[in-house]
Amino acid sequence: MKQSIKNEFFKITHQKITWIAPILILCLMMLSRAFIGNSEQRLLIMATYNSGEWILLALIIVCSTVLSMEYQYHTILLTIYKAPNRFQVFASKLLVISIYNLFLHFLAIIFTLLLQLTPLKAHVSWLIINKYSQSLVINMLNTTLIDLVASTLIVSLIF
């Protein structure tokens with residue numbers, strides 16, 4: 001199983017789209033910040049500048065690129081043939097994509113922190129009480145966690 005996971009990490013790190021996706025997500029987050037008014041700043045921060053939708057789109061593109069490349073070059077047959085069982089192959093693929101999903105959500109939180117520090121829009125306090133009598137930071141982390149679970153579920157259904 002360890003070798004299968006290493007192979008999947010090798011495949012995903014050598015795809016260009018894997019490294020382009022975080023840059024595109026950052027650009028789309030900046031566009032969300034620029035074009036949505038000051039009245040919705042707390043909602044944008046809570047939703048990490050709408051990164052959930054963009055991360056899901058990036059995950060679907062990366063997953064489909066990796067899988068279509070394997071089917072195109074018939075390496076999926078060799079991978080399944082050499083593995084002890086099919087479940088191990090697909091579980092390693094899902095585990096690597098889930099780790100990439102976690103990485104993208106972590107980057108979205110960091111990008112949100114950095115975008116909030118820029119002086120382009122009005123500054124919003126992180127400790128202000130927002131939704132459900134919780135601070136903005138707690139709301140952002142809860143929203144990110146829910147989005148992480150939902151995107152993992154959707155990607156696992158694609159496999």
Side-chain angles (χ1 to χ4, degrees), residues 1-2 4-70 72 90-159:
M1 181 79 172
K2 287 181 185 179
S4 184
I5 292 172
K6 285 181 185 179
N7 291 341
E8 293 303 319
F9 269 118
F10 181 82
K11 288 178 204 173
I12 201 168
T13 55
H14 285 79
Q15 291 286 322
K16 289 180 186 177
I17 191 69
T18 305
W19 300 108
I20 294 172
I23 297 167
L24 289 175
I25 291 169
L26 175 63
C27 292
L28 291 168
M29 287 172 68
M30 288 191 300
L31 284 175
S32 293
R33 179 183 168 95
F35 290 121
I36 297 179
N38 282 337
S39 62
E40 302 295 326
Q41 282 298 314
R42 285 193 271 171
L43 178 64
L44 280 176
I45 292 170
M46 188 178 80
T48 57
Y49 292 103
N50 295 329
S51 65
E53 293 86 11
W54 309 121
I55 289 173
L56 183 60
L57 182 65
L59 282 172
I60 291 171
I61 290 170
V62 168
C63 288
S64 63
T65 303
V66 170
L67 283 176
S68 66
M69 181 188 67
E70 287 188 3
Q72 181 181 2
F90 291 113
S92 64
K93 290 181 186 306
L94 186 61
L95 180 66
V96 169
I97 292 298
S98 297
I99 291 171
Y100 184 64
N101 187 10
L102 187 66
F103 171 72
L104 288 178
H105 278 88
F106 180 71
L107 280 180
I109 291 173
I110 290 174
F111 290 159
T112 301
L113 293 173
L114 293 176
L115 285 175
Q116 183 57 28
L117 293 175
T118 58
L120 297 176
K121 297 271 183 164
H123 181 71
V124 177
S125 173
W126 289 96
L127 300 177
I128 193 168
I129 301 299
N130 195 29
K131 304 279 184 190
Y132 311 113
S133 301
Q134 296 175 341
S135 67
L136 189 59
V137 174
I138 300 298
N139 280 334
M140 181 183 68
L141 293 175
N142 286 340
T143 305
T144 303
L145 181 66
I146 290 169
D147 186 53
L148 181 68
V149 170
S151 59
T152 303
L153 177 67
I154 291 171
V155 168
S156 67
L157 289 174
I158 291 172
F159 273 114

Any side-chain heavy-atom pair of [X] and [Y] under 4.5 Å:
X	Y	answer
Phe10	Lys6	no
Met140	Thr144	yes
Phe35	Met30	no
Ile138	Asn142	yes

### Message
Which residue in the set Leu31, Leu28, Leu104 passes side-chain contact (heavy atoms from CB on, under 4.5 Å) when paired with Trp54?
### Response
Leu28

Non-hydrogen atoms of [X] and [Y] that approach each other most closely:
X	Y	value
Ala108	Met29	O-CE, 3.5 Å
Ser92	Glu8	OG-CG, 3.8 Å
Val62	Ile97	CG1-CD1, 4.4 Å

Nearest-0.5 Å distance, [atom1] of residue [X] to [atom2] of residue [Y]:
X	Y	atom1	atom2	value
Leu56	Ile60	CG	CD1	4.0 Å
Ser4	Leu95	OG	CG	9.5 Å
Asp147	Ser51	CG	OG	6.5 Å
Met69	Lys11	CE	NZ	6.5 Å
Cys27	Phe111	SG	CZ	9.0 Å

### Task
With side chain to side chain contact (heavy atoms under 4.5 Å, CB included) as the test, would you mind laying out the steps for Leu145 and His105 before giving the verdict?
CA-CA 9 Å; Leu145 181 66; His105 278 88; over 6 Å; no

### Message
Using the side chain to side chain contact (heavy atoms under 4.5 Å, CB included) criterion, which residues pair with Leu102? Sequence neighbours excluded.
### Response
Leu148

### Query
Under the side chain to side chain contact (heavy atoms under 4.5 Å, CB included) criterion, do Leu59 and Ser151 qualify, and how do the steps go?
CA-CA 8 Å; Leu59 282 172; Ser151 59; 4.2 Å; yes

Pairs of donor and acceptor atoms involving the side chains of residues 15-25, under 3.5 Å and at least two apart or interchain, shall be tabulated with distances.
| residue | atom | partner | partner atom | Å |
| --- | --- | --- | --- | --- |
| Thr18 | OG1 | Ile12 | O | 2.7 |
| Trp19 | NE1 | Thr13 | O | 2.7 |

### Message
Between Thr48 and Thr143, is the side chain to side chain contact (heavy atoms under 4.5 Å, CB included) condition met? List the steps.
### Response
CA-CA 8 Å; Thr48 57; Thr143 305; over 6 Å; no

### Task
Verify side chain to side chain contact (heavy atoms under 4.5 Å, CB included) between Phe90 and Leu94, making sure each step is shown before the conclusion.
CA-CA 6 Å; Phe90 291 113; Leu94 186 61; over 6 Å; no

